[in-house]
Amino acid sequence: MKSENPRLDLLRAIPAVDQLLLRPRMTEWVARASRGFVVAEIQKVLAEVRGEVRDGRAAPSLEAEALEGRVLERLHRSLSPRLRAVINATGVVLHTNLGRAPLSENARRALSEVSGQYANLEYELAAGARSHRDQLIEELLVEILGCEAATVVNNNAAAVFLILNTLAAGREVVVSRGELVEIGGSFRIPDILARSGAILREVGTTNKTRASDYEAAIGGETALLLRVHPSNYRIRGFTERPELGDLRELARRRQIPLVEDIGSGCLVDLSPHGIRDEPTAQASLAAGADLVCFSGDKLLGGPQAGVIAGARLLVERIRKNPLMRTYRVEKLVYSALEATLASYRTGRALEEIPVLRLITMPVEDLRRRSRRFARALEKAAPSAITVECIAGHSVVGGGSCPDSPLETMLLALRSSRFSANVLEQRLRSQDPPIIVRLEEDRALVDLRTVFEWQESPLRKGLILALS
Ligand SMILES: *Cc1c(COP(=O)(O)O)cnc(C)c1O
C-alpha cells in the first residue's frame, strides 16, 4: 500500500531484525559470538538507516543483502582490537606514544606461559607458605645491581612519589635548580614533590650547583638529598654539578639519605655505542646513592614498571607504606621483567633486548638494508614516486639521551600525486598502520625501528599508500 509520504514507505521497507538474523553469514556470527551481540549490532545499523531515511540523506540501499553487508562490516570492526600493533618507521626507539619498549622474545615467552595459568606470585613453593610478591624479582635485581634490596612499582613516576612520600613527607628535600625538570609532559619534579607531602628546598642555579650549596641548605628539617637525571634536556656551556661521590661524602657526614632518580634504567654501559650521559644504575649505587629509581620500559627494555633499589632499611620502609598497595604490579609485569633481567645476567642483553639491539645497530647494516629496501620499493611502486636514501639520525627518545643522536640511513619518499601530509595520513591508515616522520615535503622512513620481519608488510603498506 502506497502512502502519501514516500519517506514512510522507505521506513516500512527496512527489513526487520529477524529477517537479517536469518541470513547465512549472520547465523555464522551468532554461532561465533552470541545472538544478543549480533542482534544489538543489527539494531544499531537499522537505527542508523532509519536516521538516514528521516534526514533525507542519500537514500540508503534497503535491500537485506546491502544491510547485511553493513552489519558484517560493523561486526568485524567492533571485534578488531583498538590497541593495535603498528610499524614504527620514525626511528624513535623509545616512542612513548607507540608503547616504548617492545619486549624480548624471552619476555614474550614468559608472558604467554604465565598469563593463562596460576603462578607462585605470593607463594613460596619450598615452604608451601605465603610469601611477598617482590621476593623473586628482588633476588635478581640485587644480584644485577649489587645492592641490598629492591622493589617494583607501576612506573618510575610512582617510584619517585613513593620514595618522597615515605622518606620525606612533612620535611625538606634538597634538589638542585638545574634538576627541577619536566619529563614527558606531565611529570614535573616540583609537582610530584609537593603532592608527596615533601617540601622542596631548591639549591644552586639553573646551570651551576655545588656540593657546598647542598651543604648550606641542610638543616634539622632535611629528610633527603635528591638528584634527578635531567633525561630530556641538557644545559651547555658553563655548567657545574657535583659528582655523586661528593654528595655521598656530604650525605654520610650529615646522615641524610641520598636518592638518585636515574630515569632510563640503563643497566649496561652504552657509551661505546655513542650514548653519552646515561648513568647505569650500578654506577649510581656504587658511587654512593642510598637509593636509585628508574623505569622498566626505557633503556632497560622491559615492561612498564618502576624499580626502587638500594639500602635495605629504606626499601623496607617504602614497602610498608600503605600507598604501596596502590602502585603494586601484577604477575604479568613481574614475569616480563624477570625474563628481561635474565638477559642482563647472562650477558646477552645487547643481543636479546630489542631496544638495545636497535640502539646499537651498526649504521653500515642500516645503509645496506635501506638501499636494498629502496631498490625493491622502486621496482614495485608507481612511477609518481621518488625514493631517495639519505643520511640522517635516529633518536633514543622516551626522554633519554637528547645529546646522542644515532647515525642512520633514511628513505625519503616524495609523491607527485600526494602531499607529504596526505601521504603520512595514508600510511597511518594501512593495516598494520605505518608511522613515519615528516620533513618538509617528504615522508621519512627509518628502518632502525622496523624489525626485519616487518620489512615485507612495510613494503606492501607503502605500495598501497602510494598507489
Ligand atoms: C622517564 C622519567 C621518569 C618517569 O618515568 P615513568 O616510568 O615514565 O613514570 C621519571 N624521572 C626521570 C628522570 C625520567 O627520565
Side-chain angles (χ1 to χ4, degrees), residues 92-103 137 141 150-165 168 173 175-196 198 200 209 224-235 241 244 258-267 270 275-281 283-285 289 291-310 318 323-324 326-330 332-334 336-337 340-341 355 359 395-404:
V92 181
V93 178
L94 293 169
H95 200 305
T96 300
N97 300 156
L98 302 183
R100 287 198 188 156
L103 294 178
I137 203 87
L141 282 167
T151 185
V152 177
V153 293
N154 187 45
N155 56 17
N156 191 30
V160 173
F161 178 84
L162 269 177
I163 291 172
L164 294 170
N165 180 263
V173 173
V175 191
S176 162
R177 286 200 170 86
E179 298 174 11
L180 292 173
V181 292
E182 171 177 307
I183 293 151
S186 56
F187 179 80
R188 291 180 155 192
I189 293 292
D191 295 349
I192 294 277
L193 208 136
R195 284 293 173 129
S196 75
L200 174 61
T209 304
L224 58 88
L225 307 184
L226 177 65
R227 285 239 309 183
V228 181
H229 184 58
S231 293
N232 57 358
Y233 113 122
R234 295 287 182 272
I235 299 174
R241 188 180 186 230
L244 205 55
L258 174 60
V259 175
E260 184 164 52
D261 170 10
I262 63 165
S264 278
C266 187
L267 303 187
L270 290 175
I275 304 296
R276 284 175 286 142
D277 301 331
E278 272 307 324
T280 64
S284 173
L285 287 161
L291 279 183
V292 295
C293 62
F294 51 86
S295 297
D297 56 350
K298 290 186 183 172
L299 287 177
L300 193 152
Q304 181 189 302
V307 174
I308 302 172
I318 291 163
L323 284 175
M324 182 75 184
T326 66
Y327 294 114
R328 78 175 187 188
V329 298
E330 61 149 343
L332 298 185
V333 174
Y334 281 113
L337 187 59
T340 307
L341 289 172
V355 297
I359 288 169
V395 293
V396 174
S400 311
C401 328
D403 267 353
S404 309

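Indexing begins at 1, ligand by ligand and atom by atom, following the structure's order. None of the values given here were measured: they were computed from a predicted structure.
- No donor-acceptor pair closer than 3.5 Å links the side chain of N156 to the backbone N or O of A159.
- Per-residue contacts place H229 under 4.0 angstrom from the following atoms of ligand 1 (heavy atoms of the residue considered): 13 (C).
- The NZ atom of K298 sits 12.0 Å away from atom SG of C266, with the distance rounded to the nearest 0.5 Å.
- For the atom pair CZ of R227 and CD of E179, the computed distance is 6.0 Å after rounding to the nearest 0.5 Å.
- Residue contact annotation: D261 has a non-hydrogen atom under 4.0 Å from ligand 1.
- For the residues N154, N156, V153, the heavy atom positioned nearest atom 5 (O) of ligand 1 is part of N156.
- Ligand-side atoms of ligand 1 in range of S295: 5 (O), 6 (P), 7 (O), range being under 4.0 angstrom from any heavy atom.
- D297 CG to T96 OG1: the interatomic distance, rounded to the nearest 0.5 Å, is 7.5 Å.
- Within ligand 1, the atoms closer than 4.0 Å to a non-hydrogen atom of F187 are 10 (C), 11 (N), numbered from 1 in the order shown.
- With rounding to the nearest 0.5 angstrom, the CG atom of L226 is 6.0 Å from the CG atom of L164.
- Within the 4.0 Å heavy-atom criterion, neither part of R227 lies near ligand 1.
- By the 3.5 Å distance cut-off applied to N or O atoms, V228 is not counted among the residues near ligand 1.
- Between R100 and ligand 1, at least one pair of N/O atoms sits closer than 3.5 Å.
- For T151 (side chain) and I308 (main-chain N/O), no donor-acceptor pair under 3.5 Å exists by modelled atom type.
- The structure places CG of L270 at 12.0 Å from CG of D277, a figure rounded to the nearest 0.5 Å.
- The proximity of K298 to ligand 1, defined as any non-hydrogen pair under 4.0 Å, is limited to the side chain.
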